[in-house]
Enquirer: 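Dumping the structure here so I can ask a few things about it.
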Amino acid sequence: MWKDTKDYIRTMPAARKFMWFAAVAAGTVLMLAFLIWAFRQHGTIGLFEVNGVFRIAFIVLICFTIALPFLAVLDVCLASRKSAGKIRLPSFYIWIIAVIAIVLPSVLMGWLIPQASQRAGDKAVQLLTADGSGKNGIPNLAVTFWTLNPTQNTLKWGKGNSINIEKEDTPSQQHAIMLRDLQPASSYQYSLNDAAPVNFVTMPGKGQPLHFAVGSDAHFGAGTARNDLTSKMLQQIADPEHNYRMFFFLGDLVEHGFNDAQWETAIDAFSATTSKIPTRIVVGNHDTLFGGLNLYREYMYPQPMELQTGSRLWQRIDADDIHFLLLDLEWGTESYTPEQAAWLEGQLSTIPAEDWCIVMSHCFYYSSGGVWDMWPWYDDKGMIEKLTPLFEKYDVDIVFSGHNHLVELLQKNNVTYVICGAFGGLPDPERSYISPASVWYMGNQQAFVDVTISQDEAILKFRDPDYEELKSLTVSR
């Protein structure tokens with residue numbers, strides 16, 4: 001049979017033979033190239049594991065990639081048994097598969113790859129908290145922004161009559177001008193080039209209560225997101241009367257990380273708050289989609305911004321005896337690399353037991369929820385098995401996370417877990433599974449968490465966009 005098949009192909013007209021091999025080869029190569037590209041992107045493995053719709057889509061694409069050359073060979077083998085007058089190669093169904101295999105990956109890559117490199121415009125100023133701490137016991141800060149064209153800028157900053165002038169060495173697109181060794185509980189201002197001064201107040205020093213806000217999952221760019229309510233909560237956090245000294249946002253700032261226009265819209269909306277409240281924005285699974293990781297890094301931890309302990313994806317922030325460990329956990333443990341794991345345990349081991357230790361990440365550990373997109377969005381088994389034993393071993397006090405679009409407080413083995421993924425994204429359906437660790441839960445409600453930490457207790461207040469208190473709980477040491 002194989003000899004007959006070879007003879008058959010050899011006697012095909014040249015044009016038909018070329019189209020035969022070209023269609024099969026092009027379709028197979030393009031499909032394979034797309035799959036390799038997609039799975040090399042940060043977060044795609046998590047997307048495949050967690051989202052049932054995307055998992056089915058990827059499986060279909062993989063099957064197409066395998067089926068095309070297999071069916072082509074099978075078709076030639078079967079066709080070689082027919083009389084020459086009835087042979088039509090490639091067969092109709094092979095043509096359909098080949099065309100799909102050529103067009104689909106070409107369209108997907110032609111749409112996705114350029115988006116991550118096409119910039120919508122300048123990104124507004126933010127005052128971001130840096131990894132580590134300054135010599136006075138509170139974190140260094142950075143005035144950050146991004147410009148479409150390389151620029152060289154001057155920043156004036158200081159308190160009272162003491163003014164520092166910082167000039168960038170060379171023109172750049174990524175900008176991060178460091179404000180180092182700040183005094184605690186002090187009023188500062190900064191002015192970028194000729195812009196109006198921006199005032200901010202640093203966090204208090206050791207022994208003084210620290211007041212900060214935590215939210216997650218705004219999803220700018222999603223048609224279902226309530227970013228009007230996001231803006232209301234940002235206004236509450238920025239209100240000087242509410243005295244917030246830090247703001248943590250735990251990921252999924254945008255819906256599609258590869259879409260720069262969504263980043264521009266989100267940063268513009270956040271800037272009114274994040275330009276004057278020291279902020280740290282953790283990476284979420286939507287933020288890194290199909291090339292979004294590079295955009296997240298450039299906007300949320302620009303290359304010029306200093307690192308003391310961690311990386312641009314995970315950091316430790318020290319405010320005297322209060323320690324924040326910010327992790328890269330997006331869909332789950334697929335982004336929990338050996339390097340990050342070693343860093344986390346190393347940092348936990350150095351924090352005194354009498355100090356406050358707070359962990360923050362996008363993905364949750366314990367949580368109520370339901371089965372959505374063919375995945376159980378509750379009590380994440382991998383997160384619980386790999387990370388909660390460390391939290392218990394090293395006396396972590398509170399763990400904040402988002403990912404689930406709800407607010408909930410849970411407690412397990414002397415660790416308090418807070419879900420605060422209700423900062424504008426579409427609320428999750430009502431829970432069908434109640435975590436055994438759940439203490440308090442509220443679904444279908446946009447909210448953020450108001451936190452005050454003193455020497456012996458942390459007061460957690462869940463607030464709605466109108467600043468009304470939904471629930472108040474105290475965590476004592």
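Since we're looking at a predicted model, the values are computed, not measured. Values below: all heavy atoms of this structure, side chains included; hydrogens, waters and symmetry mates excluded. Position 1 is the first residue of the sequence, and the numbers go up from there.
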Enquirer: Which heavy atom in Glu264 sits nearest to a heavy atom in Ala120, and how many Å separate them?
Expert: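 For Glu264 versus Ala120, the nearest heavy atoms are OE1-CB, 3.2 Å.
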Enquirer: State yes or no: are the ring centers of His256 and His286 separated by less than 6.0 Å?
Expert: no
Enquirer: Taking the inter-plane angle between the rings of Phe248 and Phe212 on a 0 to 90° scale, is it parallel (under 30°), tilted (30 to 60°) or perpendicular (over 60°)?
Expert: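 Judged by the thresholds at 30° and 60°, the geometry between Phe248 and Phe212 is perpendicular.
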Enquirer: We want to know whether Glu408 and Ser438 form a side-chain donor-acceptor pair, criterion being a heavy-atom distance below 3.5 angstrom.
Expert: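 The criterion, which ignores hydrogens and geometry beyond distance, is satisfied for Ser438 and Glu408.
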Enquirer: Restricting to side chain to side chain contact (heavy atoms under 4.5 Å, CB included), what partner residues turn up for Pro184, sequence neighbours left out?
Expert: Asn136, Ile138
Enquirer: Checking side-chain hydrogen bond (donor to acceptor under 3.5 Å, both in side chains) for the pair Ser367/Asn404: CA distance, chi angles, key distance, verdict?
Expert: CA-CA 8 Å; Ser367 176; Asn404 272 354; 2.9 Å; yes
Enquirer: May I ask you to decide if Asp320's main-chain N or O and Asp318's side chain share a donor-acceptor pair within less than 3.5 Å?
Expert: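 Side chain of Asp318 to backbone of Asp320, a donor-acceptor pair under 3.5 Å: no, none is there.
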Enquirer: Does a side chain donor of either Ser361 or His403 reach within less than 3.5 Å of an acceptor in the other side chain?
Expert: no
Enquirer: Using the ring of each side chain (for Trp, its six-membered ring), is Trp263 parallel, tilted or perpendicular to Tyr296, with breaks at 30° and 60°?
Expert: tilted
Enquirer: At their closest point, which heavy atom of Leu348 faces which heavy atom of Cys357, and how far apart are they?
Expert: CD2-SG, 3.7 Å
Enquirer: State, without any angle test, whether Arg312 and Gln303 hold a side-chain donor-acceptor pair at a distance under 3.5 Å.
Expert: yes
Enquirer: For the CG atom of Asp260 and the CD1 atom of Ile267, what is their distance to the nearest 0.5 Å?
Expert: 8.0 Å
Enquirer: How long is the straight-line distance from CE of Met203 back to CG of Leu182, given to the nearest 0.5 Å?
Expert: 9.0 Å
Enquirer: Keeping Thr265 on the side-chain end and Gln262 on the backbone end, is there a donor-acceptor pair under 3.5 Å?
Expert: no
Enquirer: Does any N or O in the side chain of Glu457 come within less than 3.5 Å of the main-chain N or O of Val475, such that one atom is a donor and the other an acceptor?
Expert: no
Enquirer: If we count only N and O atoms by modelled type, under 3.5 Å, do the side chains of His362 and Glu330 hold a donor and an acceptor together?
Expert: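 No - no donor-acceptor pair under 3.5 Å links their side chains.
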Enquirer: Give a yes or no on whether Phe58 atom CZ has more than 12 heavy-atom contacts from other residues, nucleotides or ligands under 6.0 Å away.
Expert: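 More than 12 heavy atoms, drawn from other residues, nucleotides or ligands, come within 6.0 Å of this atom.
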Enquirer: Would you name the heavy atoms of Asn140 and Ser133 that are closest together and state the gap between them?
Expert: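 For Asn140 versus Ser133, the nearest heavy atoms are ND2-O, 4.1 Å.
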Enquirer: Name all residues meeting the side chain to side chain contact (heavy atoms under 4.5 Å, CB included) criterion together with Val103; count only those two or more places apart in sequence or in a different chain, and write none if there are none.
Expert: Val99, Val107
Enquirer: Is it the case that the side chain of Glu430 and the backbone of Gly443 share a donor-acceptor pair, with hydrogens and angles ignored and the cut-off at 3.5 Å?
Expert: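 Flag not set: sc Glu430 to bb Gly443 has no pair under 3.5 Å.
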Enquirer: Under a 4.5 Å cut-off applied to non-hydrogen side-chain atoms, are Val407 and Phe462 in contact?
Expert: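 Yes, close enough: below the 4.5 Å cut-off.
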Enquirer: Measure across Ser368 and Leu406 and return the closest heavy-atom pair with its distance rounded to 0.1 Å.
Expert: O-CD2, 4.0 Å
Enquirer: Indicate whether the side chain of His211 and that of Asn243 have a donor and an acceptor atom separated by less than 3.5 Å.
Expert: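 Not at all, the side chains of His211 and Asn243 share no donor-acceptor pair under 3.5 Å.
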Enquirer: Minimum heavy-atom separation for Pro204 and Gln208, please, with both atom names.
Expert: CB-CB, 3.5 Å
Enquirer: With a 6.0 Å cut-off on ring centres, are Tyr467 and His242 close enough?
Expert: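 Yes, ring centres under 6.0 Å apart.
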Enquirer: Determine whether the aromatic ring centres of Trp111 and Phe258 lie less than 6.0 Å apart.
Expert: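 Yes, the ring of Trp111 comes within the 6.0 Å limit of the ring of Phe258, centre to centre.
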Enquirer: Which label fits Tyr244 and Phe448: parallel for a plane angle under 30°, tilted from 30 to 60°, or perpendicular past 60°?
Expert: perpendicular
Enquirer: Between Val439 and Leu410, does the side-chain contact (heavy atoms from CB on, under 4.5 Å) criterion hold? Intermediate values first, please.
Expert: CA-CA 5 Å; Val439 174; Leu410 311 97; 5.6 Å; no
Enquirer: Identify whether the distance between the nearest side-chain nitrogen and carboxylate oxygen of Glu298 and Lys123 falls below 4.0 Å.
Expert: no
Enquirer: Just verifying a value: how many Å separate Ile281 CD1 and Asp252 CG, rounded to the nearest 0.5 Å?
Expert: 12.0 Å
Enquirer: Taking the six-membered ring of Tyr441 (Phe, Tyr or Trp), confirm whether the NZ or CZ of Arg431 is under 6.0 Å from its centre and within 45° of its axis.
Expert: yes
Enquirer: Nearest 0.5 angstrom please: Leu104 CG to Phe64 CZ, how far?
Expert: 8.0 Å
Enquirer: Please examine the side chains of Leu47 and Glu49, heavy atoms only from C-beta on, and report whether any two atoms are closer than 4.5 Å.
Expert: no
Enquirer: Sequence neighbours excluded, which residues qualify as side chain to side chain contact (heavy atoms under 4.5 Å, CB included) partners of Asn444?
Expert: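 Counting only residues at least two positions away or on another chain, Asn444 forms a side chain to side chain contact (heavy atoms under 4.5 Å, CB included) with Pro427.
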Enquirer: In terms of heavy-atom contacts, does NZ of Lys159 have more than 12 from other residues, nucleotides or ligands at under 6.0 Å?
Expert: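 Yes, the 6.0 Å shell around NZ holds more than 12 heavy atoms from other groups.
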Enquirer: If you take all heavy atoms of Ala176 and Thr144, which pair is closest and at what distance?
Expert: CB-CG2, 4.0 Å
Enquirer: Supply the atom-to-atom distance Phe247 CZ to Ile277 CD1, rounded to the nearest 0.5 angstrom.
Expert: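 That separation rounds to 9.5 Å.
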Enquirer: Is any side-chain heavy atom of His323 closer than 4.5 Å to a side-chain heavy atom of Ile358?
Expert: no
Enquirer: Quick one: do the Ser335 and His42 side chains pair a donor with an acceptor below 3.5 Å?
Expert: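 Side-chain D/A pair, Ser335 to His42: absent.
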Enquirer: Is the closest side-chain donor-acceptor distance between Asn294 and Tyr299 under 3.5 Å?
Expert: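 Judged by distance alone, the side chains do not pair up.
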Enquirer: State, yes or no, whether a side-chain contact exists between Leu460 and Ser472 at a heavy-atom distance under 4.5 Å.
Expert: no
Enquirer: Quick check: does any side chain N or O of Asp122 sit under 3.5 Å from a backbone N or O of Leu148, one acting as donor and the other as acceptor?
Expert: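 Yes; at least one donor-acceptor contact below 3.5 Å.
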Enquirer: Report yes if the side chains of Phe324 and Met246 come closer than 4.5 Å at any heavy-atom pair, otherwise no.
Expert: yes
Enquirer: Measure the shortest side-chain to side-chain distance between Leu210 and Thr452 over non-hydrogen atoms and say whether it is less than 4.5 angstrom.
Expert: no
Enquirer: Using the six-membered ring wherever Trp is involved, compare the ring planes of Phe39 and Phe48 and label them parallel, tilted or perpendicular (cut-offs 30° and 60°).
Expert: perpendicular
Enquirer: Identify which one of Lys471, Lys461, Arg463, Arg245 satisfies the salt bridge (Lys or Arg N to Asp or Glu O under 4.0 Å) criterion when paired with Asp450.
Expert: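 That would be Arg463; it is the only one of Lys471, Lys461, Arg463, Arg245 passing the salt bridge (Lys or Arg N to Asp or Glu O under 4.0 Å) with Asp450.
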Enquirer: Are side-chain N/O atoms of Gln411 and Thr416 paired as donor and acceptor at under 3.5 Å?
Expert: yes
Enquirer: Can you list every side-chain hydrogen bond (donor to acceptor under 3.5 Å, both in side chains) pair that touches residues 189-200, not counting sequence neighbours?
Expert: Asn153-Asn193
Enquirer: Please determine whether the number of non-hydrogen atoms from other residues, nucleotides or ligands lying under 6.0 Å from atom CD1 of Ile45 exceeds 12.
Expert: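 Counting other residues, nucleotides and ligands, CD1 of Ile45 stays at 12 neighbours or fewer.
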Enquirer: Salt bridge (charged side-chain N to carboxylate O under 4.0 Å, His left out) with Arg226: which residues, sequence neighbours excluded?
Expert: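 Residues passing salt bridge (charged side-chain N to carboxylate O under 4.0 Å, His left out) with Arg226: Asp228.
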Enquirer: List in chain and number order the residues that pass side chain to side chain contact (heavy atoms under 4.5 Å, CB included) with Thr309, two or more places apart in sequence or in another chain; answer none if no residue qualifies.
Expert: Asp131, Arg316, Trp343, Gln347
Enquirer: For Thr230 and Phe423, indicate whether the former's side chain and the latter's backbone hold a donor-acceptor pair under 3.5 Å.
Expert: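 A pair under 3.5 Å: yes.
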Enquirer: Hey, what's the ring geometry for Tyr365 with Phe391, parallel, tilted or perpendicular (30° and 60° as the breaks)?
Expert: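 Tyr365 and Phe391: perpendicular rings.
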Enquirer: So do the side chains of Leu108 and Phe34 get within less than 4.5 Å of each other, counting heavy atoms only?
Expert: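 Touching, per the 4.5 Å side-chain cut-off.
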Enquirer: Once rounded to the nearest 0.5 Å, what's the spacing between atom CE of Met383 and atom CG of Leu329?
Expert: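 Taking CE in Met383 and CG in Leu329, the distance rounds to 4.5 Å.
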Enquirer: Test your reading of the model: is there a side-chain donor-acceptor pair from Asp466 to the backbone of Glu468, 3.5 Å cut-off?
Expert: no
Enquirer: Decide yes or no for Asp380 and Tyr366: does some side-chain heavy atom of the first lie under 4.5 Å from some side-chain heavy atom of the second?
Expert: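 Side-chain contact under 4.5 Å: no.
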